[in-house]
> 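Okay, here's the structure, questions in a sec.
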Amino acid sequence: MTAVEADLSEIPFVDLGAEYQALRAEIEPLMAGVMARGEFILGPQVERFEASFAQYCGVAHAIGVDSGFSALELGLRALGIGPGDEVVTVANTFIATVGAIESTGARPVLVDADPVTHLIDTDAVEAAITPRTRAILPVHLYGHLADTTALRAIAERHGLAIVEDACQAHGALDGDRRAGSLGTLAAFSFYPSKNLGAYGDGGIVVTDDSALAERLRMLRNLGSRVKYQHEIKGYNHRLDGLQGAVLNVKLPHLDARNAARREAAAQYLELLAPLPVSTPQPRPGTTSVYHLFVIETDDRDGLAEQLSAARIAHGIHYPVPIHLQPAYAELGHGPGSFPVAERLAERILSLPMFPELTTDQVRRVVDVVRTHLTGAT
Ligand SMILES: *Cc1c(COP(=O)(O)O)cnc(C)c1O
């Protein structure tokens with residue numbers, strides 16, 4: 001993802017304009033207030049949002065930062081993770097997961113994805129643990145929750161932290177526990193197209209641990225609690241006040257918008273059921289927030305062409321697994337290292353998914369999929 005571009009498709013992939021139109025009467029005065037009072041960096045809107053988001057996730061603390069990448073990086077740094085350490089994560093993820101680990105100086109240790117859930121293969125995690133391992137970093141890809149119950153058992157046996165990459169999972173539930181409350185700490189992104197998106201970059205770290213929260217507040221703000229007093233070495237990764245204002249307006253709508261995504265997903269699942277495609281399902285007992293709706297099929301590229309011809313936007317999340325990215329050649333893997341992630345990269349396709357997606361639009365998308373796969377109309 002680089003920029004949220006104007007989407008001229010008949011059925012777009014996401015529709016940020018629709019959300020803005022629905023909320024602008026609330027958002028604009030709040031943003032104007034931030035500008036009038038000059039509350040541009042951190043400030044009252046950010047503090048209010050941090051309190052609301054912590055409560056929403058069911059944790060004690062939330063620390064607003066400038067991106068999901070920063071949330072992951074600072075979360076790891078707050079745990080004291082750095083050069084010489086290893087962090088176990090999954091080969092089937094967005095590049096930022098691994099970039100954040102690397103930027104602390106720690107080594108990302110990859111494991112394969114599970115072929116059914118597409119999420120971290122928890123059975124492969126234990127074998128990847130070495131004396132240098134400090135944390136396990138599961139990714140709640142597509143808004144489906146990774147099996148943090150199994151991972152917590154492994155982490156306890158080995159004395160490791162769990163850092164949730166919840167950048168696609170705002171509001172997802174494991175039983176009645178929210179994403180963000182399932183590990184030691186969690187990172188969320190507010191990139192505009194995420195389930196909870198800002199009007200620019202943004203992110204947040206959530207945790208129940210007061211000492212970690214205190215470190216995170218210093219790490220994001222040049223290592224200081226009091227201006228010009230620097231207790232530790234820090235960075236500049238603060239969330240800005242305008243984003244705080246936008247997020248304060250949007251958070252109360254998150255549950256309804258996630259429910260609308262689930263409804264669209266249910267429609268997709270029903271209409272796709274007779275067709276030769278498979279779809280990764282959320283684990284039993286969890287409630288997904290369907291950041292993406294992903295299908296798996298043999299002739300993925302052919303289907304993508306058909307969708308383009310019908311002007312239906314679509315995506316591949318992600319077309320190249322981490323270990324085959326040129327940037328991570330140095331990890332020393334190659335084709336065949338993580339066969340599940342490699343096979344998924346060739347077979348997956350993301351269909352349009354956003355809360356405003358209508359029944360008719362879902363039907364039109366599935367019509368194209370059906371025509372392609374069965375030749376029938
Ligand atoms: C979006 C995303 C990130 C990074 O978030 P940014 O705010 O774009 O830095 C990290 N991990 C996953 C899985 C994501 O989807």
Side-chain angles (χ1 to χ4, degrees), residues 1-5 13-14 16 49 53 62-77 87-104 108 110 113 117-120 135-146 148 162-172 179-180 182-183 185-206 220 235-240 243-244 246-247 250 261 280 288-294 315-322 325 327-328 341 344-345 348 350 353-354:
M1 269 182 302
T2 48
V4 178
E5 286 158 25
F13 194 67
V14 298
L16 300 179
F49 178 70
F53 196 71
I63 299 92
V65 295
D66 57 1
S67 71
F69 187 113
S70 299
L72 286 165
E73 180 190 336
L74 295 189
L76 293 167
R77 288 190 190 279
V87 176
V88 177
T89 194
V90 60
N92 181 36
T93 185
F94 183 48
I95 197 80
T97 311
V98 176
I101 296 170
E102 268 242 316
S103 51
T104 68
L110 301 177
T117 63
H118 300 191
L119 307 176
I120 190 167
I136 305 171
L137 203 163
V139 182
H140 302 315
L141 204 65
Y142 317 149
H144 296 0
L145 291 179
T148 45
I162 292 186
V163 175
E164 293 174 74
D165 182 338
C167 289
Q168 300 189 2
H170 319 66
L182 304 170
L185 56 79
F188 291 86
S189 164
F190 302 126
Y191 183 82
S193 60
K194 304 288 168 139
N195 291 42
L196 180 60
Y199 286 174
D201 275 310
I204 206 162
V205 192
V206 301
R220 75 168 169 189
Y235 306 86
N236 179 354
H237 288 306
R238 301 170 297 223
L239 184 61
D240 74 66
Q243 305 313 332
V246 171
L247 292 164
K250 285 196 181 188
R261 288 173 180 269
S288 173
V289 292
Y290 284 96
H291 175 61
L292 297 168
F293 188 86
V294 173
I316 300 171
H317 301 89
Y318 296 91
V320 182
I322 301 297
Q325 294 284 359
Y328 288 101
L344 290 177
I348 49 174
S350 307
M353 171 51 76
F354 50 93

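All of these numbers come straight from a predicted model, not from anything done at the bench. Order of appearance sets the numbers: ligands from 1, and atoms from 1 within every ligand.
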> Going by the rule ring pair (Phe, Tyr, Trp, His ring centres under 6.0 Å), which residues pair with His144 if we only count those two or more places apart in sequence or in a different chain?
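His144: ring pair (Phe, Tyr, Trp, His ring centres under 6.0 Å) contacts with Tyr142, Tyr290.
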> Check ligand 1 against Gly68 and write out every atom of the ligand that is under 4.0 Å from a heavy-atom position of the residue.
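Contacts of ligand 1 toward Gly68, numbered from 1: 5 (O), 6 (P), 7 (O), 9 (O).
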> List the residues meeting side-chain contact (heavy atoms from CB on, under 4.5 Å) with Ala96, not counting sequence neighbours, and say none if there are none.
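In terms of side-chain contact (heavy atoms from CB on, under 4.5 Å), with neighbours along the sequence ignored, Ala96 is linked to Phe69, Phe94.
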> Could you tell me whether Asp201 and ligand 1 have an N or O pair separated by under 3.5 Å?
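No; the residue has no nitrogen or oxygen that sits under 3.5 Å from a nitrogen or oxygen of the ligand.
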> Just to be sure I read this right, does ligand 1 sit under 4.0 Å from the backbone of Ala96, its side chain, both, or neither, counting only heavy atoms?
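The part of Ala96 near ligand 1 is the side chain, not the backbone.
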> Number the atoms of ligand 1 from 1 as they appear, then name those within less than 4.0 Å of a heavy atom of Thr97, with their elements.
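What qualifies from ligand 1 is 11 (N).
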> So is there a nitrogen or oxygen of Phe69 less than 3.5 Å from a nitrogen or oxygen in ligand 1?
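It does: an N or O of Phe69 is found under 3.5 Å from an N or O of ligand 1.
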> Please state which part of Leu141 comes within less than 4.0 Å of ligand 1, counting heavy atoms only: side chain, backbone, both or neither.
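Neither part.
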> Applying a heavy-atom cut-off of 4.0 Å, say which part of His291 lies close to ligand 1: side chain, backbone, both or neither.
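No part of His291 comes within reach of ligand 1.
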> Which of the atoms in ligand 1, numbered in the order shown and given with their element, are less than 4.0 Å from a heavy-atom of Ser67?
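Contacts of ligand 1 toward Ser67, numbered from 1: 7 (O), 9 (O).
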> Taking N or O atoms only and a 3.5 Å limit, does Gln168 qualify as a polar contact for ligand 1?
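Yes, at least one N or O pair falls under 3.5 Å.
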> Polar-atom distance check: Thr93 versus ligand 1, any N or O pair below 3.5 Å?
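Such a contact does not occur with ligand 1.
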